[in-house]
Amino acid sequence: MTHFSSAQFEPNYDEAKVPVFPIPDLLTTFSGEIIKNSEDWNTERRPELLNFFEENVYGKVPGTLDNASFEVVERNENALNGKAHRKQIEVTLQKGSRSLQFNILLYLPKHKDKAPLFLGYNFFGNHTITTDLNVLVSKAWTMNNEKLGITANHATEASRGVRAHRWAIDKILDKGFGLAVIYYGEVDPDKNDFSDGLHTLFYSKGQKQPKANEWGSIAAWAFGLSRALDFLEKEKQVDASKVIAFGHSRLGKAALWAAATDERFAGVISNNSGCGGAALSKRKFGETVGRINTSFPHWFCDNFEKYNENEEALPIDQHQLLALIAPRPLYVASAEEDQWADPKGEFLSAHYTFPVYGLFGKEGITSQRMPEVNQPIQNTVAYHIRTGIHDVTDYDWEQYLIWAKKFIE
Ligand code: GCU
């Protein structure tokens, strides 16, 4: 296998240099059969695409757990100035003699018997998403970030609330939705080292890393979201048939893969997920397959490295990942200054799913013209590009809430 260094990948930001490339057809199977209806999509095309992404992009989950248990470690009926019910749940996953624990922070609107809900990961710990003093600080390994007050690879009180601007909790609750979040590092620490996290639970004797077709970190994070959904299904005040997977950036990639592999998710929001998420790989604009596999060798399965600097050889592209969400609502969002994530590639990818949504009588995005900034298109498939940088803003949440009220609630 050829190994590259990041320096070898000079990103292209020039539309004139985007290669002419084919859009792999959604409705023609790998053996050339034409898919004419939703049943054939479900029984033939969807499974073969899902299998391709499992074997060659994100990697397969190598087995099943022996047990998962959930313990409510903290609760309050009057959280956030009396607006919400708060619960903190410790999840324990077990396989043989090994186990892993992660924590879910759950806020539910008080005035609702059964709430639809957004479920997503955060980057630095549940306590970073709110100034609520009762949210437990994660004890897990955390990436250092001096600006956010995280040093020595562990979070402390210093980082409480530092990411609150990314989670419009009040707006979410006011619209009657709940929010559940997990610190992604508790499920699988984000480093190129397979000696810890979820992967280790499934190793056979002597195994030190996943096989070439087995899961990287994105698939492990996706698996974690599904286990959180297992808990939410038992939670009386949650409408588990209306759980929307949400994620920003690498965690948007994970949210998409979670919703693709687990059809219990009612919908998914990809916020600036970029390469290996919503963006088309074959455009080679901004981050590319070779670059992402070099900077983050642990995110995808090793088989994906075959496509480093070789996107032409991919028989699929990321619109086919998005189509695996159909007929469920899908929202793809970009930011104008986030060219690294290729906004146009994210838009086109969402657009190209429309024939599959059409098989189910659902409205996708039929126009190939990108909307202006801050002019969302909201059908079952939705898209917006907002002004500003790679981030999650109140503007993003306002659009997600309008769309979720219409298509999920
Ligand atoms: C890097 C990476 C992206 C990723 C982003 C993030 O920029 O190259 O693929 O989406 O980090 O997670 O913020």
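In this text, all values refer to a predicted model and were calculated from it rather than measured experimentally. First listed ligand is number 1; within each ligand, the first listed atom is number 1.
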Decide, yes or no, whether a salt bridge links Glu409 with Lys112 under the criterion of side-chain N to carboxylate O below 4.0 Å. yes

Are Lys87 and Glu74 close enough for a salt bridge, meaning some N to O gap below 4.0 Å? no

Taking a cutoff of less than 4.0 Å between a non-hydrogen atom of the residue and any ligand atom, is His248 in contact with ligand 1? no

Carboxylate-amine/guanidinium contact Asp230 Arg227, below 4.0 Å: yes

Please report which non-hydrogen protein atom sits nearest to atom 3 (C) of ligand 1, along with the residue it belongs to and the distance in Å to one decimal place. Glu287 OE1, 3.3 Å

Among protein heavy atoms, which lies nearest atom 4 (C) of ligand 1, and at what distance? Ser249 OG, 3.3 Å

Is Lys253 close enough to touch ligand 1? Criterion: a residue heavy atom under 4.0 Å from a ligand atom. yes

Give yes or no for whether the N/O distance cutoff of 3.5 Å, strictly under, is met between Trp340 and ligand 1. yes

Side chain, backbone, both or neither: Arg291 near ligand 1, heavy atoms under 4.0 Å: neither

Crowded around Glu363 CD? As in, over 12 foreign heavy atoms under 6.0 Å? no

Would a 4.5 Å heavy-atom cut-off, applied to side chains only, mark Leu229 and Leu225 as touching? no

Starting from atom 11 (O) of ligand 1, what is the nearest protein heavy atom, named by residue and atom, and what distance separates them? Arg250 NH2, 3.0 Å

Do Asp239 and Ser241 have side-chain N/O donor and acceptor atoms under 3.5 Å apart? yes

Can you name the atoms of ligand 1, numbered from 1 with element, that are less than 4.0 Å from a heavy atom of Ile292? 9 (O)

